[in-house]
Amino acid sequence: MNVCIYTPILELAEILTQKIESTGQNCFKFNSQDSLVEFLASVKYLPDLLILDYTTINHNLFNIYTELQSIDKLFPIIFYNDPCLVSKDRTKHWKTIIDFFIQKKDDTFEQDYVQVFSIIKEVIESPSISPYIPLMQQPLQFPEELSLRNKIFDKISKQNDDSITLLKKRIKIPDNLFYLLKVLYENKEKGLTLEEIIECYKKDDKSLTINSLRVFISKLKKLLSEDSESQYLLLKINNKYKIEF
């Protein structure tokens with residue numbers, strides 16, 4: 001079995017070559033794309049496997065299989081640091097790729113592939129080597145202080161902390177104005193006209209004149225606007241009064 005290895009990491013190429021050749025396979029290692037292309041163009045028999053570094057190719061602009069097919073040089077290729085695995089086990093992932101190329105199953109030949117894959121997997125996943133290989137590092141846990149989830153929780157907590165009940169205690173809203181705030185808060189999505197607010201009062205057996213209500217609204221609006229910590233605003237939009245935050 002003839003294996004080609006192309007990686008900019010010379011030490012990795014040397015380690016893989018030694019281990020693969022110790023099983024009786026032939027290895028050809030390259031550290032430049034030009035030397036690899038020159039070799040492939042000159043050989044009479046294509047290699048049985050080409051091992052590449054995933055970062056040596058811009059996969060958005062270049063499809064290596066398409067390029068090889070265009071010059072009638074198609075043969076099995078694997079990326080040793082492939083980040084897009086079809087299986088958590090790299091050996092199985094590479095075996096799936098090889099199965100597309102091998103039409104006639106040859107148990108001995110297939111075992112040679114699996115043996116080579118096992119060697120590559122052992123080397124690149126080794127704790128002493130993996131940190132030096134691009135794309136092999138496990139990502140760090142996303143910082144909690146930057147997580148969107150925490151920001152949402154913070155916002156919810158802030159809203160809960162600044163609920164109208166706590167707001168009443170903090171800025172000392174009188175009961176008569178707090179009742180108005182409660183009515184407006186419960187109808188914050190649609191807003192209420194003066195007449196509709198009066199009707200809400202009546203449902204709770206409370207009586208209030210339009211003029212008194214206007215005074216209450218003015219006082220409540222002043223209290224909310226003067227509170228620098230509050231997110232609540234009392235607005236009049238299209239003759240309807242709304243609480244927004």
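Count residues from 1 along the sequence. The model shown is predicted, which means the values in this text are computed figures rather than measured ones.
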Main-chain N/O of Pro131 paired with Gln137 side-chain donor or acceptor, under 3.5 Å: yes
Distance, nearest 0.5 Å, that separates CG of Leu220 from CG of Leu234: 5.0 Å
Do Ile164 and Ile243 have side-chain heavy atoms sitting under 4.5 Å apart? no
Mind listing the closest non-hydrogen atom pair of Cys27 and Thr17 along with its distance? CB-CG2, 3.7 Å
Roughly how far, to the nearest 0.5 Å, is the CD1 atom of Ile98 from the OH atom of Tyr113? 5.0 Å
Does Pro127 offer a backbone N or O that forms a donor-acceptor pair with the side chain of Ser130 under 3.5 Å? no
Would you say Ser218's side chain and Arg214's backbone share a donor-acceptor pair under 3.5 angstrom? no
Quick check for you: to the nearest 0.5 Å, what is the distance between Glu226 atom CD and Lys221 atom NZ? 12.5 Å
Transitive ILVMFWY side-chain link Trp94 to Val86, under 4.5 Å: no
hydrophobic_cluster_shared for Tyr45 and Phe28, side chain cutoff 4.5 Å: no
Would Ile77 and Ile64 count as a side-chain contact (heavy atoms from CB on, under 4.5 Å) here? Give the steps. CA-CA 9 Å; Ile77 299 170; Ile64 190 166; 4.0 Å; yes
Taking C-beta and beyond as the side chain, do Glu21 and Asn26 meet within less than 4.5 Å on heavy atoms? no
Shared ILVMFWY cluster between Ile171 and Leu184, side chains joined below 4.5 angstrom? yes
Compute whether any side-chain donor of one residue and acceptor of the other, for Ser87 and Asp89, lie under 3.5 angstrom apart. no
Where do Phe75 and Leu50 land on the side-chain contact (heavy atoms from CB on, under 4.5 Å) test, with the steps shown first? CA-CA 8 Å; Phe75 53 90; Leu50 173 59; 3.4 Å; yes
Would one find more than 12 heavy atoms of other residues, nucleotides or ligands at under 6.0 Å from atom OH of Tyr132? no
Output for pair (Leu36 CG, Asn31 CG), nearest 0.5 Å, gives 10.5 Å
Here's one to test your reading of the geometry: is the NZ or CZ of Lys188 within 45 degrees of the ring axis of Tyr185 and under 6.0 Å from its centre? yes
Worked check of side-chain contact (heavy atoms from CB on, under 4.5 Å) between Thr56 and Gln33: CA-CA 9 Å; Thr56 57; Gln33 192 169 348; 5.9 Å; no
What are the two closest heavy atoms between Met1 and Leu49, and how far apart are they? CE-CB, 4.2 Å
Any chance NZ of Lys19 has more than 12 other-residue heavy atoms, nucleotides or ligands included, within less than 6.0 Å? no
Please check if Phe62 and Ile78 belong to a single hydrophobic cluster, counting links between Ile, Leu, Val, Met, Phe, Trp and Tyr side chain heavy atoms closer than 4.5 Å. yes
Can you establish whether the number of heavy atoms outside Asn58 located under 6.0 Å from its atom CG is more than 12? yes
Looking only at atom types and distance, does a side-chain atom of Thr96 sit under 3.5 Å from a main-chain N or O of Lys92, one as donor and one as acceptor? yes
Spatial distance of atom CD1 (Ile124) from atom CD1 (Ile15) [nearest 0.5 Å]: 12.0 Å
Rounded distance [0.5 Å steps], CG in Leu181 versus CG in Leu167: 6.5 Å
Return yes if some donor-acceptor pair links the side-chain N/O of Asn187 with the main-chain N/O of Val183 below 3.5 Å, else return no. yes
Mind checking whether Phe79 and His59 have ring centres under 6.0 Å apart? yes
Which pair of non-hydrogen atoms, one from Lys242 and one from Glu189, has the smallest distance, and what is that distance? NZ-O, 3.5 Å
How far apart are the closest heavy atoms of Asn81 and Pro134, and which atoms are they? ND2-O, 2.9 Å
Please tell me if the side chains of Thr7 and Ile5 come closer than 4.5 Å, counting only heavy atoms from C-beta onward. yes
Are there over 12 heavy-atom neighbours, none belonging to Lys240, within less than 6.0 Å of that residue's NZ? yes
List the steps, then state whether side-chain contact (heavy atoms from CB on, under 4.5 Å) holds for Ile133 with Leu12. CA-CA 9 Å; Ile133 301 176; Leu12 178 61; 4.1 Å; yes
Tyr241 and side-chain contact (heavy atoms from CB on, under 4.5 Å): which partner among Leu194, Leu235, Leu192, Leu213? Leu194
Step through the shown structure and confirm whether more than 12 heavy atoms of other residues, nucleotides or ligands are within 6.0 Å of CD on Glu196. yes
Do the two ring centres, one from Tyr80 and one from Tyr54, sit under 6.0 Å apart? no
Within the 3.5 Å criterion, strictly below it, is a donor on Tyr179 or Asp204 matched to an acceptor on the partner's side chain? yes
For residues Ile210 and Ile198, report the shortest heavy-atom separation together with the two atoms involved. CD1-CG1, 3.9 Å
Whether Asp82 and Arg90 form a salt bridge (side-chain N of Lys/Arg under 4.0 Å from carboxylate O of Asp/Glu) is what I want to check. no
Any side-chain heavy-atom pair from Asp99 and Glu110 closer than 4.5 angstrom? yes
Shortest non-hydrogen contact between Leu40 and Leu46, atoms and distance: O-CD2, 4.5 Å
If only atom types and distance count, is the side chain of Asp48 paired as donor or acceptor with the main-chain N or O of Asn2 below 3.5 Å? yes
So, is the end of the Lys206 side chain (NZ or CZ) under 6.0 Å from the ring centre of Tyr201 and within 45° of the ring's axis? no
Spell out, yes or no, whether Leu135 and Ile97 are grouped together once hydrophobic residues are joined by side-chain heavy atoms under 4.5 Å, including indirect joins. yes
